[in-house]
Amino acid sequence: MLFSGGNGTGLSFYIKYAEESTEDNPVVIAKGVDENGKEFEEKININDINLRNASYVEMSALEAYYNVDKGNSLSYFPQETGCMGLNDRCDLISSFEKVIQDMNKLGRYDLQMFYMRNMNTYLNASSKHK
């Protein structure tokens with residue numbers, strides 16, 4: 001299992017590799033319940049995830065697949081993702097950029113660098129697949 005968790009809306013799921021997954025074409029299966037308690041199952045091709053229009057489940061798949069540094073948290077995602085439902089989408093890069101600016105304003109350069117490093121993990125990984 002790659003991931004097990006959820007967020008503050010009640011969205012809860014786990015992610016595992018699909019049988020057809022390969023190193024060049026990683027595919028995962030996400031299965032769980034949405035924020036309304038309805039069961040779902042979704043197949044996700046890691047290489048096809050759009051960082052500018054990603055669901056919380058897709059972002060979690062990326063986080064697990066790339067083994068992104070979570071620091072001391074359960075997740076390092078920007079705070080607004082905690083209220084995303086199953087079908088909600090966000091621009092992950094813009095969310096990171098906003099948090100990075102906020103940390104800079106607060107003088108939290110350690111957290112600014114933490115978020116920059118994680119954002120760059122995604123940007124570098126996605127550029128390899130284009």
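Residues take their numbers from the sequence shown, with the count starting at 1.
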If you compare all heavy atoms of V57 against all heavy atoms of I15, which two are closest, and at what distance to 0.1 Å? O-CD1, 4.0 Å
From I46 CD1 over to Y65 OH, what is the distance, rounded to the nearest 0.5 angstrom? 7.0 Å
With sequence neighbours excluded, tell me which residues meet side chain to side chain contact (heavy atoms under 4.5 Å, CB included) with N50. R52, N53
With sequence neighbours left out, the residues meeting salt bridge (charged side-chain N to carboxylate O under 4.0 Å, His left out) with E39 are none
Tell me, please, which residues at least two apart from D110 pass side-chain hydrogen bond (donor to acceptor under 3.5 Å, both in side chains). R108
I need the E42 CD to S55 OG distance, nearest 0.5 Å. 5.5 Å
Is it true that V28 and V33 fall in one hydrophobic cluster, defined by side-chain heavy atoms closer than 4.5 Å? no
Holding to side-chain hydrogen bond (donor to acceptor under 3.5 Å, both in side chains), I want the full list of residues that pass it with S12, two or more places apart in sequence or in another chain. none
Same apolar cluster (I L V M F W Y, side chains within < 4.5 Å links), M113/L111: yes
Are I49 and F40 connected in a single hydrophobic cluster, I mean Ile/Leu/Val/Met/Phe/Trp/Tyr linked by side-chain heavy atoms less than 4.5 Å apart? yes
Sub-6.0 Å ring centroid separation between F3 and F13: yes
Could you walk me through whether K31 and K16 satisfy the side chain to side chain contact (heavy atoms under 4.5 Å, CB included) test, starting with their C-alpha distance in whole Å, then the side-chain angles of each, then the deciding distance to 0.1 Å, before giving a yes or no? CA-CA 9 Å; K31 190 172 185 177; K16 65 180 183 174; over 6 Å; no
Side-chain donor-acceptor pairs under 3.5 Å in residues 96-107, sequence neighbours left out?
unit_1, atom_1, unit_2, atom_2, d
K98, NZ, D102, OD2, 3.1

Applying salt bridge (charged side-chain N to carboxylate O under 4.0 Å, His left out), can you list everything that pairs with E20, at least two apart in sequence or on another chain? K43
Give the other cluster members for M1, using side-chain heavy-atom distances under 4.5 Å between Ile, Leu, Val, Met, Phe, Trp and Tyr residues; answer none if it is isolated. Y14
Could you work out, with side-chain hydrogen bond (donor to acceptor under 3.5 Å, both in side chains) as the rule, every residue matching N7, not counting sequence neighbours? T9
Strictly by salt bridge (Lys or Arg N to Asp or Glu O under 4.0 Å), give each pair with a member in residues 5-14 just once, sequence neighbours left out. none
Using modelled atom types and a 3.5 Å cut-off, is there a donor and acceptor pairing between side-chain atoms of Y17 and backbone atoms of L2? no
Can you list everything that forms a salt bridge (charged side-chain N to carboxylate O under 4.0 Å, His left out) with D48? Sequence neighbours excluded, please. none
